[in-house]
Amino acid sequence: MGRTHALSGAVLWLAAVPALSREQWWGSHALSLSSSQVIAGAVVAAGAGLLPDIDHPSGRIARTLGPVTRTMCRWVSRAAGGHRHATHSLMFALAMGLAMGQLATHVRYGWWAALFVLVGFGLRGLGLDFEGHEFWSGFKDCVLAGAAVYWMHGLDMSFATYPVVAGCLAHLLGDCLTPRGCPLLWPVPWRMETVLVPRTDGRVERLVVVPLLACVGAVLTVQILAGDSLSHWWR
């Protein structure tokens, strides 16, 4: 479900920005973002859409940075209790959001490193690889991730908590629609499971879900780049 997770993370963030920008609701805590910041947030949310799967040592994102990410995913899997356990919870989504927000606000180089990994996860999730050429696929992801960090390095990303949480929540929502569901209230063992997508990477996902998310994401992105006022979308 890599494509679905990455796209849904970006879409959820883009759709949430108008609500998060309403001063009537949030007062001084409302977000006031430029178009560049919103798009940068979408990039972050797409990568964060893969974050819960760092508990999957044989998953797609485990190959993002070769042995580095494989080792990281293996250790996280052991600590989390295996795939779709602790990292597939609301607690994890909030913790990752707060941690990334602190990095973006107070630890510049730490944030750049985290951003590099997040963008790499998003690219690997989208699956735009060179078939059968793992090295060149990884090299391409590293180059693009580095370019994204360079583009975003001067942006104020103190709002990073929000797109990271959005990406993680989109992942959890997607997995709740598949068999096994997610332990949203971990460590409570209860799992939320409403099976609407009977098989991951199946026909429903490839032919319906992914194209729909891509279209919605494109429309929202065009709205932002066209300079429309986000606050007007709700009127």
Side-chain angles (χ1 to χ4, degrees), residues 3-51 93 96-126 128 140-141 143-171 173 210-235:
R3 290 185 179 90
T4 297
H5 289 322
L7 290 172
S8 63
V11 167
L12 183 58
W13 160 250
L14 292 172
V17 168
L20 295 172
S21 302
R22 289 179 70 88
E23 291 186 5
Q24 303 96 312
W25 293 359
W26 310 109
S28 61
H29 297 290
L31 296 182
S32 179
L33 306 176
S34 67
S35 296
S36 295
Q37 287 175 308
V38 176
I39 298 302
V43 173
V44 170
L50 279 298
L51 260 180
M96 285 296 98
L98 292 175
M100 294 298 177
Q102 288 298 306
L103 285 177
T105 304
H106 302 295
V107 189
R108 176 186 301 179
Y109 296 111
W111 165 243
W112 290 353
L115 179 60
F116 181 87
V117 174
L118 281 177
V119 176
F121 282 176
L123 291 169
R124 186 51 61 111
L126 290 173
L128 304 177
K140 177 264 300 177
D141 289 344
V143 170
L144 292 179
V149 172
Y150 178 77
W151 170 61
M152 294 168 62
H153 80 280
L155 287 176
D156 176 7
M157 294 296 293
S158 57
F159 63 94
T161 292
Y162 298 97
V164 171
V165 170
C168 290
L169 290 180
H171 184 114
L173 176 61
V210 169
L212 180 61
L213 287 172
C215 289
V216 173
V219 169
L220 293 174
T221 301
V222 169
Q223 289 274 9
I224 292 166
L225 294 179
D228 289 350
S229 173
L230 295 173
S231 62
H232 290 168
W233 294 5
W234 283 61
R235 295 180 181 177

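Keep in mind that this is a model prediction, so the values were computed, not measured.
- Taking CG from Leu123 and NZ from Lys140, the interatomic distance works out to 5.5 Å, rounded to the nearest 0.5 Å.
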**Asked** Run the side chain to side chain contact (heavy atoms under 4.5 Å, CB included) check on Asp156 and Gln37 step by step: do they pass?
**Response** CA-CA 8 Å; Asp156 176 7; Gln37 287 175 308; 3.7 Å; yes
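- The shortest side-chain heavy-atom distance between Val44 and Val164 falls under the 4.5 Å cut-off.
- A side-chain donor-acceptor contact under 3.5 Å links Ser8 to the backbone of His5.
- Atom-to-atom distance recorded for Tyr150:OH and Leu115:CG is 14.5 Å, nearest 0.5 angstrom.
- Here the shortest heavy-atom pairing between Leu50 and Ala46 reads CD2-O, 3.6 Å.
- In this structure, Tyr162 places its OH atom where only 12 or fewer heavy-atom neighbours from other residues, nucleotides or ligands lie under 6.0 Å away.
- When side chains are defined from C-beta on, Ser36 counts as touching Leu155, because their heavy atoms get closer than 4.5 Å.
- Looking at His106 and Trp111, their side chains never come closer than 4.5 Å, going by heavy atoms from C-beta outward.
- Other residues, nucleotides and ligands contribute at most 12 non-hydrogen atoms within 6.0 Å of the CH2 atom of Trp26.
- Of all heavy-atom pairs between Ala40 and Met157, the closest is CB-SD, 3.9 Å.
- Residues Val43 and Leu118 are not in side-chain contact: their nearest non-hydrogen atoms beyond the backbone lie 4.5 Å or more apart.
- The aromatic rings of His153 and Trp112 sit perpendicular to each other, their planes meeting at more than 60°, with 30° as the lower class boundary.
- Smallest separation of non-hydrogen atoms from Leu220 and Val11: CD1-O, 4.0 Å.
- Of all the heavy atoms in Arg3 and Leu126, the pair that sits closest is NE-O, 3.0 Å.
- Residues Trp13 and Val165 are not in side-chain contact: their nearest non-hydrogen atoms beyond the backbone lie 4.5 Å or more apart.
- Rounding to the nearest 0.5 angstrom, the gap separating the CG atom in Leu12 from the CG atom in Leu173 is 8.0 Å.
- A 6.0 Å sphere centred on NE2 of His29 holds no more than 12 heavy atoms belonging to other residues, nucleotides or ligands.
- Note that CD1 of Ile39 is 4.5 Å distant from OG1 of Thr221, once rounded to the nearest 0.5 Å.
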**Request:** For Leu144 and Val119, run side chain to side chain contact (heavy atoms under 4.5 Å, CB included): C-alpha distance rounded to whole Å, both residues' side-chain angles, the deciding distance at 0.1 Å, then the answer.
**Result:** CA-CA 8 Å; Leu144 292 179; Val119 176; 5.7 Å; no
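- The backbone N or O of Val210 lies less than 3.5 Å from no partner atom in the side chain of Thr4, so there is not a single donor-acceptor pair.
- Closest of all the heavy-atom pairs between Gly41 and Pro163 is O-CB, 3.3 Å.
- The minimum heavy-atom distance linking Cys168 with Ala93 is given by the pair CB-CB, 3.6 Å.
- In this structure, CG on Leu31 lies 8.5 Å from OG on Ser158, to the nearest 0.5 angstrom.
- Atom OG of Ser28 sits about 9.0 Å away from atom CD of Glu23, to the nearest 0.5 Å.
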